[in-house]
Amino acid sequence: MAMNVSSACFSVFSCKKPNRIRAVASEDFATTAALKIDTEDKLKLGGSELKVTKLGIGAWSWGDTSYWNNFQWDDQKLKAAKAAFNKSLDCGITFFDTAEVYGSPLALGAENSETLLGRFIKERENDNPGEEVVVATKFAALPWRFGRQSVISALKDSLNRLGLSSVDLYQLHWPGIWGNEGYIDGLGDAVEQGLVKAVGVSNYSEKRLRDAYERLKKRGIPLASNQVNYSLIYRLPEQNGVKAACDELGVTLIAYCPIAQGALTGKYKPENPPSGPRGQIYTPDFLTKLQPLLIRIKEIGGNYGKTPTQVVLNWLIAQENVVPIPGAKNAAQAEEFAGALGWRLSNEEVDELRSLASEISPVTGFPVEKL
């Protein structure tokens with residue numbers, strides 16, 4: 001996803017080897033001071049035993065030619081994605097989210113995101129044996145997939161692409177048109193067969209979330225997460241009961257598109273909208289209405305020595321029980337994302353930004369949220 005580091009006064013981490021990160025923070029979240037951040041202070045994913053860093057990295061754009069990368073994938077973009085992976089780990093971010101449908105072997109020049117992530121892990125392992133990498137991937141609920149075995153078969157294909165014997169988190173990417181009970185049973189089977197450490201869903205409504213939670217609970221298996229579209233300007237999870245249900249049930253909300261596909265970074269202006277499909281969503285008219293919020297985000301960030309991107313990611317982290325997973329295309333973006341950790345907006349700033357954002361009509365989300 002896009003990022004903005006245009007102002008020299010903003011601090012983006014100087015990342016060293018993972019275990020500890022230094023960030024600009026405040027003792028009472030009102031004044032700035034240096035603070036050591038121990039990246040072992042992780043978040044337990046729902047009721048599972050899996051612990052993840054409080055911010056992860058999304059790999060949607062890796063290998064993609066259908067939505068990202070201006071419909072092109074080449075060696076330069078490959079090297080940049082690998083650099084993003086390595087820089088994330090250097091900064092202490094160990095949680096990576098991919099999916100079987102990210103990237104496509106059918107598109108000219110594209111590569112599968114799982115394949116790339118697996119390759120990056122293997123190459124990193126050569127120089128850093130035993131280094132932790134937490135991998136999450138997803139099952140696509142395609143209409144022709146039926147029953148619990150389809151989940152296991154798809155998972156094994158994902159493991160082959162990743163070059164792993166198991167993954168940490170396996171998620172249903174979206175609810176199926178039919179067969180959802182079988183898919184949930186497949187998640188339970190994956191846990192019992194030792195193929196995954198934890199299981200989750202994605203784009204699930206409150207009702208579907210509760211149904212999945214109860215079905216797994218009968219087998220003694222916790223539903224660890226629900227991955228949904230959530231950002232300062234897309235707060236549907238707050239409005240449709242999903243966030244409240246996650247908090248009630250002890251299910252972690254993983255926030256995809258946490259910087260609104262770059263719209264919240266301040267990089268885009270009405271006269272300079274994003275290219276490709278994003279330009280159809282974040283139009284000049286929408287970006288015009290967004291400017292007052294972006295100006296205030298930048299002002300608040302200036303008080304902390306933080307970029308707008310770091311402010312809006314921190315806003316999500318401040319909601320509690322939320323793990324944002326911005327997409328990193330290059331090392332600079334990954335390093336900037338790490339700067340969202342180790343400090344916190346004040347409660348007054350959190351409320352002020354929500355209030356300002358409420359004046360902006362949200363864009364249309366992923367239709368499967370309403371299945």
Side-chain angles (χ1 to χ4, degrees), residues 1-3 13 15-19 21 39 42 50-69 72-105 107 109-139 154-171 173 195-197 227 254 256 323-338 341:
M1 294 188 183
M3 47 85 78
F13 279 22
C15 296
K16 302 189 177 173
K17 288 298 287 183
N19 296 327
I21 302 176
T39 57
K42 297 176 182 176
L50 179 62
K51 292 183 178 180
V52 300
T53 44
K54 293 181 179 180
L55 180 144
I57 297 296
W60 178 13
S61 69
W62 295 359
D64 181 74
T65 59
S66 61
Y67 191 88
W68 298 99
N69 304 307
Q72 295 179 333
W73 185 254
D74 52 32
D75 287 344
Q76 184 176 359
K77 292 182 175 67
L78 171 63
K79 291 177 181 177
K82 181 180 178 181
F85 171 79
N86 285 323
K87 179 60 70 174
S88 299
L89 290 172
D90 291 342
C91 291
I93 299 172
T94 60
F95 181 37
F96 296 87
D97 178 85
T98 184
E100 63 175 322
V101 295
Y102 291 167
S104 171
E111 292 190 69
N112 183 274
S113 176
E114 290 178 324
T115 301
L116 290 174
L117 178 56
R119 187 187 310 166
F120 298 160
I121 292 171
K122 183 177 180 180
E123 292 171 352
R124 176 88 178 192
E125 178 74 13
N126 292 334
D127 296 324
N128 301 270
E131 185 176 32
E132 179 187 68
V133 179
V134 177
V135 175
T137 192
K138 308 183 199 73
F139 166 85
L155 172 55
K156 289 181 178 178
D157 287 342
S158 287
L159 292 175
N160 285 334
R161 285 186 290 270
L162 287 160
L164 300 173
S165 59
S166 67
V167 290
D168 298 281
L169 176 67
Y170 195 50
Q171 308 152 95
H173 206 153
L195 298 175
V196 301
K197 292 180 181 177
Q227 184 178 145
I254 298 175
Y256 72 78
V323 177
I325 50 167
K329 288 184 177 180
N330 55 56
Q333 290 180 351
E335 187 171 20
E336 184 180 24
F337 297 155
L341 297 168

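This chain uses plain numbering: 1 for the first residue, then up along the sequence.
In this structure, the separation between CD on Gln72 and CG on Asp64 is 12.5 Å, given to the nearest 0.5 Å. Rounding to the nearest 0.5 Å gives a distance of 11.0 Å between CD1 of Ile325 and OG1 of Thr53. Going from atom CG of Asn330 over to atom CD of Glu335 covers 10.5 Å, rounded to the nearest 0.5 Å. For the atom pair Phe337 CZ and Cys91 SG, the distance stands at 11.5 Å (nearest 0.5 Å). In this structure, the separation between CD on Gln333 and CD on Glu336 is 8.0 Å, given to the nearest 0.5 Å.
Ile93 approaches Gly56 most closely through the heavy-atom pair CG2-CA, 4.1 Å. Across all non-hydrogen atoms, the minimal contact from Ile57 to Ser88 is CG1-OG, 3.4 Å. In plain terms, the two heavy atoms of Ile254 and Leu169 that are nearest each other are CD1-CD2, 3.9 Å. Here the shortest heavy-atom pairing between Ala328 and Ala84 reads O-CB, 3.7 Å.
The closest side-chain heavy-atom distance from Lys156 to Leu195 is below 4.5 Å. Annotation: side chain of Lys51 is not in contact with side chain of Glu132 (no heavy-atom distance under 4.5 Å). Considering only heavy atoms from C-beta on, Thr94 comes within 4.5 Å of Leu89 through its side chain. Side-chain atoms of Leu78 and Trp73, non-hydrogen and from C-beta on, do get closer than 4.5 Å to each other. Between Val52 and Lys42 there is no side-chain heavy-atom pair separated by less than 4.5 Å.
In this structure, the side chain of Gln171 engages the main chain of Thr137 through a donor-acceptor pair within 3.5 Å. Side-chain N or O atoms of Arg124 include one that pairs as donor or acceptor with a backbone N or O of Asn86 at under 3.5 Å. A distance-only check finds no donor-acceptor pair linking the side chain of Ser113 to the backbone of Thr98 [under 3.5 Å].
Scanning for salt bridge (Lys or Arg N to Asp or Glu O under 4.0 Å) contacts around Glu125 gives an empty result, with sequence neighbours left out. The ring-ring contact (aromatic ring centres under 6.0 Å, His included) check on Phe85 picks up Phe96, Phe120, with sequence neighbours excluded. Take Asp168 and apply the salt bridge (Lys or Arg N to Asp or Glu O under 4.0 Å) test, not counting sequence neighbours, and it matches Lys197.
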**Report entry** Tyr102 vs Trp62, side chain to side chain contact (heavy atoms under 4.5 Å, CB included): CA-CA, chis, key distance, verdict
**Finding:** CA-CA 7 Å; Tyr102 291 167; Trp62 295 359; over 6 Å; no

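When each of Glu114, Lys138, Glu100 is paired with Ser158, the side chain to side chain donor-acceptor pair (under 3.5 Å) condition holds for Glu114 and for no other.
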